[in-house]
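Notes to accompany the following structure.
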2 protein chains.
Amino acid sequence: MIKLDYSGIDKDNLKSGMSISGISATTRAKNISKIYGKKVSVMLDFLDLPNMSESEIVALENMGREISKKNKNFVVLGIGGSALGVSFLENTFVSSIHKKAKTKVTVCDNIDSDSFVSLLDSLDLKKTVFNVITKSGGTSETITQMLIVMDRLKKKKLDITKRMVITTTENNNLHNFAKEHGIPTFLIPVGVGGRFSVLSSVGLLPAVVMGVDIRRLLSGARKVLENGKLNDIKNLAYTTAHINNYYLKKGKTSLVTMPYSDRLKLFPDFFAQLWAESLGKRYDRDGNEVFTGQNPIKTVGVTDQHSQLQLYSEGLQDKLIMFITVGKAHYDEAVAEDYGFAKHLKGVSLKTLLDYEYQSTAYALTSIDRPNYRIELDTISEESVGELIMLCELMTAFMGEFLNINAYDQPGVELSKIYTKACLKVKGYENERKEIKHYADSKKFLSL
Amino acid sequence: MIKLDYSGIDKDNLKSGMSISGISATTRAKNISKIYGKKVSVMLDFLDLPNMSESEIVALENMGREISKKNKNFVVLGIGGSALGVSFLENTFVSSIHKKAKTKVTVCDNIDSDSFVSLLDSLDLKKTVFNVITKSGGTSETITQMLIVMDRLKKKKLDITKRMVITTTENNNLHNFAKEHGIPTFLIPVGVGGRFSVLSSVGLLPAVVMGVDIRRLLSGARKVLENGKLNDIKNLAYTTAHINNYYLKKGKTSLVTMPYSDRLKLFPDFFAQLWAESLGKRYDRDGNEVFTGQNPIKTVGVTDQHSQLQLYSEGLQDKLIMFITVGKAHYDEAVAEDYGFAKHLKGVSLKTLLDYEYQSTAYALTSIDRPNYRIELDTISEESVGELIMLCELMTAFMGEFLNINAYDQPGVELSKIYTKACLKVKGYENERKEIKHYADSKKFLSL
């Protein structure tokens, strides 16, 4: 159902174009076997998620349906990989098409007290279930949210086993706490990284609550998994990774994601984590300092034609654009009357204009030598969204091989976490506490 | 109320730091007089907006209050500069704090048929007012939306003079149509560019409908206008522009905007247009081909610590970070009980943790030589938001002078518009139509 349109990077059309037929079959075979053979990391179990067992699927479906039968609100407490996939699915299948959900799914992925406290104040807690999602079981932001929610539930004398579901890995502190208190729990496989976890219980339980058919989501992902084994340019994830790497080497240090669809508006946020955290690395696998990666830039078409297109046309020539389009819309409507001042729009439908604008923008960019390619979904459905998710996860994995880096860790966020512990007076961080206090005390300000 | 914290770029703290005391007073005086004297462009009338006349303010207040008294929905049809400021204000003052609005303000800034048709289907048109906002009066996307809405209103026999308000410039086709049909109209001054127009009727009418005090918004903006005249490092807009330019010249080709606040979550979208469209230019004023600009990157803290921070720490060293923080929150709540598994969080409030995380992230980045500065708002209010808006508009204007480019046009979007006209069979674009048809016919696809 997914197609790759590579017209905007092909040497027949683009001045600085390339030939995808020149991709090395030997390197490809080697990289495919590294990823599918799980040879480069212990964190490649996301490849198994689409083949989830029937009993696991049924357990998620039963819990999700039970929750949505009895509740008005389902609030996800999570951040990063525990939130971005869920937000993307919610927008795609509910909010963007103004679907009236029986149970509203809200994602809280920040600790902003204004937004979080006002949300809690607005909820009927007797009709709300909180899904705490943290792989480690120790994410400060999520645990803080959870403890504040538990305090409110306690005050209202509500049963935490009915108001909470915990999604985490086996046998960590949070899992043990959940077992002790009889809070329903779903597990995240140890070998699945947060940013690759949307097709685990992390994304699937909220998806069931939204009314999404998770079997079709997984079935779409399986198709891409099969395709990803092909030693052929038709291996979409590999070919796309190759294109990204080719242009990164040519100085395209930013990858713009631009879906022409409000329904896919939050896909760039999901993708940005995948691309940034996986590929933004200081060292390669041989220990060389490389400071590599490609900056993901989040946009939406046609909206950003009126915001970012000027920069993409005339600004720094450091961008490769990944368009995403949708073949068929679910709804459409055409202009019936032009009232004399917009004759060229008479009879034109919204979807037709959207398609024209995409085509015109892509062609204009190609004609001035700005490389771009396009992923087309035939229509928005659980299958095609499952395909898009797995395509991008697999493309990220292959890109990691091109860059020869570990795409599955995130050592660069540790330093900030250490200083936060120091601020929280955790033992063992006394020196860091002094350091950051000194910095804070000597802050340099200018006031209005 | 706004402060600039420059600790993260000062040479005392940052390896590649600078000294803001070295800013040239002569160049500054020259640039201030160019902008305030409106010597570089006829499009500098945004500087007059904060001094709007009493009668204009009253007209906006009366119309906005009247609308919100009688309606459930207020739908803005606009795109780019006609939408991003309104969305930012709506999120800041309504959605992010879950305020129950009497009249819900929705911004339609795309022509996605799925989202737009489903929105129209969900509205009670008898209780809805549509605000058509387009400076030229001819923006295809907005006019298409408007015509479809008019068709629906006609079918329901609803009075367009009660269901629509038009915001545009004087004497264009749309304005003439509005006058002819008696549709209420607000004007956008000719010398105010779309992306600088949020403090005109473009942003102020929707703001009144939201319940925002527009006098305080304008008063905040006036403070920054006054400050922007100072030939002193305390001129916040100028000093910030200087910092941005200094680091752009040193290879920081991306400017990350990272508010630590859900209420300011859409500010980066508003700012991205201002920065990208104003500064992304092929030619400088002397006709040299420069392909300049700085890529705006949209994020939100703490959320993006779990998505983008890895890249900012370990990826390409091409980023300057503009943090935005808020001194005092409106609501807060602390962890009362730790249940044994999160002792270090006991007694910690959401706002305290947010502040610790900001401090830790900023300090960690400074310590590894990643330049960053911070705008601090004392609290979120109409004044401080008005200050933030004008600060960034003025900073953009000064940055245009540093780059010696025209910050007020957008020639790079014309080519795409020409091809769209060709697709729509507008006369005079027959050759372009052949060209784009040929490109579309020879598309290169790979299917799953």
Side-chain angles (χ1 to χ4, degrees), chain A residues 2-4 7 79-80 96-98 109-113 115 117-118 122 143 147 151 173 262 273 276-277 280 282 293 303 306-311 313-315 329 331-332 335-336 341-342 344 350-351 356 360-361 363-364 410 412-413 415-416 419-420 423-424 426 443-448, chain B residues 2-4 7 79-80 96-98 109-113 115 117-118 122 143 147 151 173 262 273 276-277 280 282 293 303 306-311 313-315 329 331-333 335-336 341-342 344 350-351 356 360-361 364 410 412-413 415-416 419-420 423-424 426 443-448:
Chain A
I2 271 187
K3 288 197 288 192
L4 169 65
S7 316
I79 193 164
S96 65
I97 47 170
H98 305 91
D109 63 351
N110 206 350
I111 44 163
D112 182 308
S113 55
S115 63
V117 173
S118 61
S122 77
I143 298 299
L147 295 173
D151 188 38
N173 285 346
D262 277 345
Q273 185 200 14
E277 238 176 20
R282 179 172 176 181
T303 307
H306 293 258
S307 168
Q308 303 302 298
L309 183 58
Q310 168 65 31
L311 181 76
S313 299
E314 298 208 332
Y331 307 101
D332 201 6
V335 171
F341 70 93
H344 61 296
L350 289 160
K351 179 67 167 103
Y356 284 168
S360 301
T361 299
Y363 181 56
Q410 50 282 332
V413 302
L415 194 55
S416 163
Y419 288 117
T420 300
C423 291
L424 288 168
V426 173
K443 284 254 165 190
K444 289 157 199 258
F445 279 111
L446 291 173
S447 296
L448 195 66
Chain B
I2 271 188
K3 287 196 288 189
L4 169 64
S7 316
I79 193 164
S96 65
I97 47 168
H98 304 91
D109 63 350
N110 206 352
I111 43 163
D112 182 308
S113 56
S115 63
V117 173
S118 62
S122 76
I143 299 299
L147 294 172
D151 189 37
N173 285 346
D262 277 346
Q273 184 198 16
E277 238 176 20
R282 180 172 175 181
T303 307
H306 293 258
S307 168
Q308 303 301 299
L309 182 59
Q310 169 65 31
L311 181 77
S313 300
E314 297 208 334
Y331 307 101
D332 200 6
E333 195 158 325
V335 172
F341 70 93
H344 61 297
L350 290 159
K351 180 66 168 100
Y356 285 169
S360 302
T361 299
Q410 50 281 332
V413 302
L415 195 57
S416 163
Y419 288 117
T420 299
C423 291
L424 287 167
V426 173
K443 283 255 165 189
K444 290 159 198 256
F445 278 111
L446 291 172
S447 296
L448 196 64

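These figures come from a predicted structure and were not determined experimentally. Residue numbers start from 1 in every chain, and the chains themselves are labelled A, B, ... in the order their sequence lines are given, proteins ahead of strands.
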Q: Mind ranking B:Ile111, B:Leu424, B:Leu415, B:Thr361 by heavy-atom pairs under 4.5 Å with chain A and telling me who comes out on top?
A: B:Ile111
Q: For chain A, find which of B:Ser360, B:Ser447, B:Ala364 contributes the most heavy-atom pairs closer than 4.5 angstrom.
A: B:Ser360
Q. Under a 4.5 Å heavy-atom cutoff, which of B:Ser313, B:Gly80, B:Ser115 has the most pairs with chain A?
A. B:Ser115
Q) So do B:Val117 and A:Asp332 actually touch side chain to side chain, heavy atoms under 4.5 Å? A) no
Q. Relative to chain A, which of B:Ala329, B:Ser307, B:Gly293 shows the most heavy atom pairs under 4.5 Å?
A. B:Ser307
Q. Counting N and O atoms only, with roles assigned by atom type, does the side chain of B:Gln273 sit under 3.5 Å from a partner on the main chain of A:His306, one being a donor and the other an acceptor?
A. yes
Q: Determine whether B:Tyr331 and B:Leu350 make a side-chain contact, defined as any pair of heavy atoms from C-beta on separated by less than 4.5 Å.
A: no
Q: Examine distances only and state if a side-chain atom of B:Ser7 and a backbone atom of A:Lys443 form a donor-acceptor pair shorter than 3.5 Å.
A: no
Q. A:Ser96, A:Ser118, A:Ala342, A:Ala336: which one forms the most heavy-atom pairs within less than 4.5 Å of chain B?
A. A:Ser118
Q: Check each atom of A:Val413 against the heavy atoms of chain B and say whether the ones under 4.5 Å are side chain, backbone, both or neither.
A: both
**Q.** Heavy-atom donor-acceptor pair, A:Glu277 side chain to B:Leu311 backbone, under 3.5 Å
**A.** no
Q) For the candidates B:Leu309, B:Ile2, B:Asp151, B:Ile79, which exhibits the highest count of non-hydrogen atom pairs separated by less than 4.5 Å from chain A? A) B:Ile79
Q | Residues B:Ser122 and A:His98: side-chain donor-acceptor under 3.5 angstrom | A | no
Q) When only pairs under 4.5 Å are counted, which of B:Val426, B:Ile143, B:Val335 shares the most heavy-atom pairs with chain A? A) B:Val335
